[in-house]
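Heavy atoms only: backbone and side chains are in, while hydrogens, waters and symmetry mates are out.
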Amino acid sequence: MTSMTYDEGMSMRAARQRYLDANGFDSSYSEKWVKLKAGPITFYMPNAEGRRRAVRFHDLHHIITGYQTDWAGEVEISAYEIGAGCGPFLWAWYLNLQALLLWPVLAPRRAFRAFVRGRNARTLYHGGEFQEALLERSVGETRQDLALNLPTPPGTAADLLLFVGWTVASLIGNFGPLAALAWWLL
């Protein structure tokens, strides 16, 4: 994880290459497996086609939001993407709901702020399939298009209620099948 900022005038293409290089990520998005590290433990996840479609936008969201790629940053970007919506990208919803489980431990206030930011902004997921032309735009233009250049208002009671609702959905989605299996086995 490298902490970095991106100049407003930088093209999204140049910013993405800098981001990928700094984090050691595959610039072709073609790896068969994705490596995730949690301290000394390394996990591998299949890099399914749906994930590859979603991660092209997810990486750009890291650039335009400024959220890092450490675990707390992944919780933030997940809360932002859920708050703003992942459109038809089911893998984005699935992975974000998994990461959201970690907010109470890793980034409670930051996650809620990111969720509120997303509720008051948009994501790139709503533009349909990834188009190379998106990379020709500047970082500043992209931030402006998604309303990320505006200050994040304070969270409301409705924001808190929705955040708690998404957290419950995350718990049910991640642990519901295990609970059902345990109940069935008993």
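Shown here for Ala121 and Ala84, the closest heavy-atom pair between the two residues is O-CB, 4.0 Å. Taking all atoms of both residues into account, the shortest heavy-atom contact from Asp159 to Pro154 is OD2-O, 4.2 Å. Summarising the geometry of Ser170 relative to Leu100, their closest heavy-atom pair is OG-CB, 4.3 Å, with the distance given to 0.1 Å. Closest approach of Cys86 to Asn96, counting heavy atoms only: SG-ND2, 3.4 Å.
Under the salt bridge (Lys or Arg N to Asp or Glu O under 4.0 Å) criterion, Glu8 pairs with Arg143, not counting sequence neighbours. Qualifying side-chain hydrogen bond (donor to acceptor under 3.5 Å, both in side chains) partners for Asp7, counting only residues two or more places apart in sequence or in other chains: none.
A continuous path of Ile, Leu, Val, Met, Phe, Trp and Tyr side chains, each step under 4.5 Å between heavy atoms, connects Phe130 with Phe89, placing both in one hydrophobic cluster. Hydrophobic clustering of Ile, Leu, Val, Met, Phe, Trp and Tyr side chains at less than 4.5 Å, counting indirect connections, keeps Phe57 apart from Tyr94. Leu160 and Tyr80 fall into different hydrophobic clusters, where Ile, Leu, Val, Met, Phe, Trp and Tyr are joined by side-chain heavy atoms under 4.5 Å apart, directly or via other members. Cluster membership for Leu36 and Leu101, using ILVMFWY side-chain heavy atoms within less than 4.5 angstrom, is not shared. Hydrophobic clustering (ILVMFWY, side-chain heavy atoms < 4.5 Å, transitive): Trp93 and Val55 are in distinct clusters.
Taken to the nearest 0.5 Å, the CG atom of Leu148 stands 5.0 Å off from the CD1 atom of Ile64. Thr156 contributes atom OG1, which lies 6.0 Å from atom CZ of Arg119 (distance to the nearest 0.5 angstrom). The line from OH of Tyr67 to OG of Ser78 is 11.0 Å long, rounded to the nearest 0.5 Å. Note that CG of Leu97 is 7.0 Å distant from CG of Asn174, once rounded to the nearest 0.5 Å. The line from OG of Ser27 to CG of Asp21 is 7.0 Å long, rounded to the nearest 0.5 Å. Remark: Thr123 OG1 to Leu60 CG distance equals 11.5 Å, nearest 0.5 Å.
Of the possible donor and acceptor atoms, one in the side chain of Asn47 sits under 3.5 Å from a partner among the backbone N and O of Glu31. Panel note: side chain Arg56, backbone Tyr29; no donor-acceptor pair is recorded below 3.5 Å. A donor-acceptor contact shorter than 3.5 Å links the side chain of Gln68 to the backbone of Gly66. With His61 contributing its side chain and Ile77 its backbone, the two residues share no donor-acceptor pair below 3.5 Å.
Within 6.0 Å of atom NZ in Lys37, more than 12 heavy atoms from other residues, nucleotides or ligands are found, so the atom counts as buried in its surroundings.
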*Quick one: do Glu74 and His62 satisfy side-chain hydrogen bond (donor to acceptor under 3.5 Å, both in side chains)? Show the steps, please.*
CA-CA 9 Å; Glu74 290 299 337; His62 274 287; 3.1 Å; yes
_Checking Phe25 against Tyr19 for the ring pair (Phe, Tyr, Trp, His ring centres under 6.0 Å) test, could you report, in this order, the C-alpha distance in whole Å, the side-chain angles of both residues, the deciding distance, and whether it holds?_
CA-CA 8 Å; Phe25 295 154; Tyr19 164 85; 5.7 Å; yes
*Evaluate side-chain contact (heavy atoms from CB on, under 4.5 Å) for Met12 paired with Leu134, printing each intermediate quantity in order.*
CA-CA 7 Å; Met12 290 298 290; Leu134 176 61; 5.5 Å; no
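Tyr125 places a side-chain heavy atom less than 4.5 Å from the side chain of His58. Side chains of Phe115 and Leu162 form a contact here, defined as non-hydrogen atoms less than 4.5 Å apart. A 4.5 Å side-chain heavy-atom check between Asn120 and Leu150 finds every atom pair outside the cut-off.
Ring geometry, Phe163 versus Phe112: the interplanar angle exceeds 60°, so the pair is classed perpendicular (tilted spans 30 to 60°).
No side-chain donor-acceptor contact under 3.5 Å links Thr142 and Asp145.
A salt bridge between Arg113 and Glu76 is absent, with no side-chain N of the basic residue lying under 4.0 Å from a carboxylate O of the acidic one.
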